[in-house]
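A short write-up of the structure that comes next.
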Amino acid sequence: MAEKEMSFWDHLEVLRWSLIRVAVALLLVFVAVFLLLPNIFDSFILGPSSSDFFVYKWMSPIFSADFKVDIININVTTPFFTHMKVSFWMALLLIFPYLLFEVWLFVAPALYPKEKKGVKTAFLGVGFLFYLGCAVAYLLVFPLTFRFLSSYQISQGMISQISLDSYMSTFLSIIFVMGLVFEIPVLAALLSRLGVLNRPILKKYRRHAIVLLLILSAIITPTGDPFTLVVVFLPIYLLYEFSILIVR
């Protein structure tokens, strides 16, 4: 017997239960992260504010060993809301593969067997590149940016003290924006399948793309200094070159 075609309301019901499962998973992981965060906040979140951070130790020939920036709080409610905000974003980061899985369960019935293989590969690529972008941001972009800017002085008598709000907003924005920016190859592959992009086009307009990527890097960059711009631009440009290799 042929499978009964689902109505609009049937699809809506499936979507509703998918959203409920994602919300429950997010809530459970949020509670777990909220309870565990005080044990890892200093070493993981605030790690780049001290020379004890493992990335700085790897780059010890480049950076001096003496580095410490005081993260201060000037608002009575900031610690609690920071705890809530960081727990939420970390929980969202952790359940991202499950979120993709739920999306896959929702769209898979509407695909032909040949299409399922390509879409499944795209989902795997989205998850991998997102985490790769977050890792690059945490291990390279944010530490280098933060150390350079916090160490920069125009007066010998200046003492660097960064507010918790400023630190966290910069930290979270760089991590998640870089995760999203690393989806450029997946977007290029999708546009290639749709016939919008191909390899000759990407090669022909490489110079134009460099200008656009510089503008994108300037938007992503939390500050306007050239150093941060270059640190953000280089990974994005390498993604563009990688996109040339994978498109048809």
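Hydrogens, waters and symmetry mates play no part in the numbers below; they use all other heavy atoms, side chains included. If you read the sequence from its start, that first residue is 1, and numbering goes on from there.
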Atom CZ of Phe123: over 12 foreign heavy atoms under 6.0 Å: yes
Tyr205 atom OH, neighbour heavy-atom count above 12 within 6.0 Å: no
Met178 versus Pro235, closest heavy-atom pair with distance: CE-CB, 4.2 Å
Other residues, nucleotides, ligands: >12 heavy atoms within 6.0 Å of Arg207 CZ: no
Rounded distance (nearest 0.5 Å) linking atom OG of Ser87 with atom CG of Leu92: 12.5 Å
Atom of Pro185, atom of Leu239 and distance for their closest heavy-atom approach: CG-CD2, 3.9 Å
Sub-4.5 Å side-chain heavy-atom contact between Asp70 and Lys68: yes
Rounded distance (nearest 0.5 Å) linking atom CZ of Phe44 with atom CZ of Phe53: 8.0 Å
Steps toward side chain to side chain contact (heavy atoms under 4.5 Å, CB included) verdict (Ser217, Ile236): CA-CA 8 Å; Ser217 301; Ile236 299 177; 3.7 Å; yes
Closest contact, heavy atoms only, Val186 versus Gly125: CG2-C, 4.0 Å
Inter-residue atom distance Ser243.OG - Ile184.CD1, 0.5 Å rounding: 6.5 Å
CZ (Phe128) with more than 12 external heavy atoms under 6.0 Å: no
Reported CZ-to-OH distance for the pair Phe96 and Tyr131, which is rounded to 0.5 angstrom: 7.0 Å
Tyr98 and Val29, any side-chain heavy atoms less than 4.5 Å apart: no
Trace of the side chain to side chain contact (heavy atoms under 4.5 Å, CB included) decision for Leu202 with Asn198: CA-CA 7 Å; Leu202 292 178; Asn198 56 47; over 6 Å; no
Nearest non-hydrogen partners of Lys57 and Asp52, listed with the distance: CE-O, 3.4 Å
Side-chain donor or acceptor of Ser169 paired with backbone N/O of Ser166 under 3.5 Å: yes
Closest contact, heavy atoms only, His83 versus Leu37: CD2-CD2, 3.5 Å
Greater than 12 external heavy atoms within 6.0 Å of Lys85's NZ: yes
Flag if over 12 foreign heavy atoms under 6.0 Å of CZ, Phe176: yes
Enclosure of Leu245 CG (heavy-atom neighbours >12, cutoff 6.0 Å): yes
Nearest-0.5 Å distance, CG of residue Leu139 to CH2 of residue Trp58: 6.0 Å
Modelled atom types, side-chain donor and acceptor of Ser163 and Asp165, under 3.5 Å: no
In one Ile/Leu/Val/Met/Phe/Trp/Tyr side-chain cluster, 4.5 Å: Leu124, Leu132: no
Path from Val141 to Leu238 over hydrophobic side-chain contacts below 4.5 Å: no
Asn75 vs Phe81 side-chain heavy atoms within contact, under 4.5 Å: no
From CD (Glu102) to CZ (Arg21), nearest 0.5 Å: 4.0 Å
Test of ring centre spacing under 6.0 Å for Phe146 and Tyr167: yes
CA sep, side-chain torsions, deciding dist, call: Met90, Ile40, side chain to side chain contact (heavy atoms under 4.5 Å, CB included): CA-CA 12 Å; Met90 286 190 66; Ile40 63 173; 4.2 Å; yes
Validation row: Leu100, Val126 side chains within 4.5 angstrom (heavy atoms): yes
Derivation of the side chain to side chain contact (heavy atoms under 4.5 Å, CB included) call for Cys134 and Leu93: CA-CA 9 Å; Cys134 293; Leu93 181 68; 3.8 Å; yes
Common cluster, Leu36/Leu94, ILVMFWY with side-chain heavy-atom separation under 4.5 Å: no
Heavy-atom pair of closest approach, residues Ile95 and Ala25: CG2-O, 4.2 Å
Single hit among Phe41, Phe142, Trp89 for ring pair (Phe, Tyr, Trp, His ring centres under 6.0 Å) with Phe171: Phe142
Residue pair Phe88 / Leu26, side-chain heavy-atom distance below 4.5 Å: yes
Linked, directly or transitively: Val31 and Leu28 (ILVMFWY side chains, under 4.5 Å): no
Face-on cation placement of Arg147 at Tyr56 ring, 6.0 Å and 45° thresholds: yes
Same apolar cluster (I L V M F W Y, side chains within < 4.5 Å links), Leu27/Val86: yes
